[in-house]
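Since we're looking at a predicted model, the values are computed, not measured. Throughout, a chain's letter reflects where its sequence line sits, starting with A, and its residues are numbered from 1.
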2 protein chains.
Amino acid sequence: MRRGHCHRHGADQPCTCAMGNLYRFVEPLALYLLKKRGQTHGYELIGALREQALTDSTIEPGALYRTLRRLEESGFVSSTWDIAASGPARRVYELTELGEQHLQEWVIVLGHLAESLAGFVSEARDLFPSTSS
Amino acid sequence: MRRGHCHRHGADQPCTCAMGNLYRFVEPLALYLLKKRGQTHGYELIGALREQALTDSTIEPGALYRTLRRLEESGFVSSTWDIAASGPARRVYELTELGEQHLQEWVIVLGHLAESLAGFVSEARDLFPSTSS
DNA sequence: TATTATAAGTGTATAATACACTTAGATGGC
DNA sequence: GCCATCTAAGTGTATTATACACTTATAATA
């Protein structure tokens, strides 16, 4: 997306697309959804991510599938093929013990980030004269 | 930095370095500092960024200099050379009108992100049994 | 039989970061 | 005068994350 032009969300208000590539937090979101749902497959997570996204950009299927692959290589999730269900075979993922720990680490890191961002936003707002009232 | 190993912050608690490449928010931080300080040069901003960083990783000189260059190409800042001061010549930056608007957009976007992150962290914490008490 | 929904990807370009390295002016110690 | 150090502004290049398009294949439905 070219900076300053967002065709998806219009010109009503600035959105992450128009600000360049913002981190989408695919990894912690995937770990969180796996923890919450127990077992799931990628395609189902794609739907869940449409409602969970932390920015106003949606997370792409490609990004999710690659992230799941990497999480498995790192030992944070394990997968098995489900060929019993109707439709194409599903690769069913599950959090490992290590993955649970990793999610908890993400929660700590993102907690700090949320606080820092809130503080920054508050300080930055003070630099501009209030337009309301 | 290899994931899971942070030589800078030790093993006391998870840090952004060990979680992979997290967005460092160099652009909004630079815009904010320029708004706050009026006129500054890159080297001074590097020092300021050491105290303002939103993650526990410091922002690198290389990233800042490239960001300032890009901001100028986009018309968000303007620069002039200061050869009067002692030492090597300084490229002195200043926010433009467009840059002020862009900073305000960043504040809106990061405000939303801070809220989303705080909500996510809160929901994720609920998935783990409390260890305290 | 053709279309659509489901499911899991790959290809490839751009963008952000990580770490190392370079260039060059000024200052202070010897 | 010479060398180390501080100041200032970069560049080189590899890795990681994202963006968007595209492919493959199974099953259900019209």
Of all the choices, D:dA9, D:dG12, C:dT17, which nucleotide is nearest to the side chain of B:Y65 once you look at every atom?
D:dA9
Report the nucleotide, chosen from C:dT27, C:dA24, D:dA25, that has the shortest atom-to-atom distance to any side-chain atom of A:P88.
D:dA25
Are [X] and [N] close enough that a side-chain N or O sits under 4.0 Å from OP1 or OP2?
X: A:R24; N: D:dA19; answer: yes
X: B:R90; N: D:dA8; answer: yes
X: B:R69; N: D:dG10; answer: yes
X: A:Y43; N: C:dA8; answer: no
X: B:R70; N: C:dA15; answer: no
X: B:R91; N: D:dG10; answer: yes

Closest to the 5' end of DNA chain D, once A:F25 and B:G87 are matched to their nearest nucleotides, is B:G87
For B:V92 and A:E60, find the nucleotide of DNA chain D closest to each by heavy atoms; which residue's nucleotide sits nearer the 5' end?
B:V92
Kindly assign one of parallel, tilted or perpendicular to the pair B:H102 and B:F76, based on the angle between their ring planes and the thresholds 30° and 60°.
parallel
Just name whichever nucleotide pairs with D:dA30, Watson-Crick or G-U, keeping both distances under 3.5 Å, else none.
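Pairing partner: C:dT1.
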Considering only NZ, NE, NH1 and NH2 on the basic side and carboxylate oxygens on the acidic side, decide whether B:R70 and B:E27 come within less than 4.0 Å.
yes
CA sep, side-chain torsions, deciding dist, call: A:Q101, A:L98, side chain to side chain contact (heavy atoms under 4.5 Å, CB included):
CA-CA 5 Å; A:Q101 289 171 29; A:L98 208 63; 4.2 Å; yes
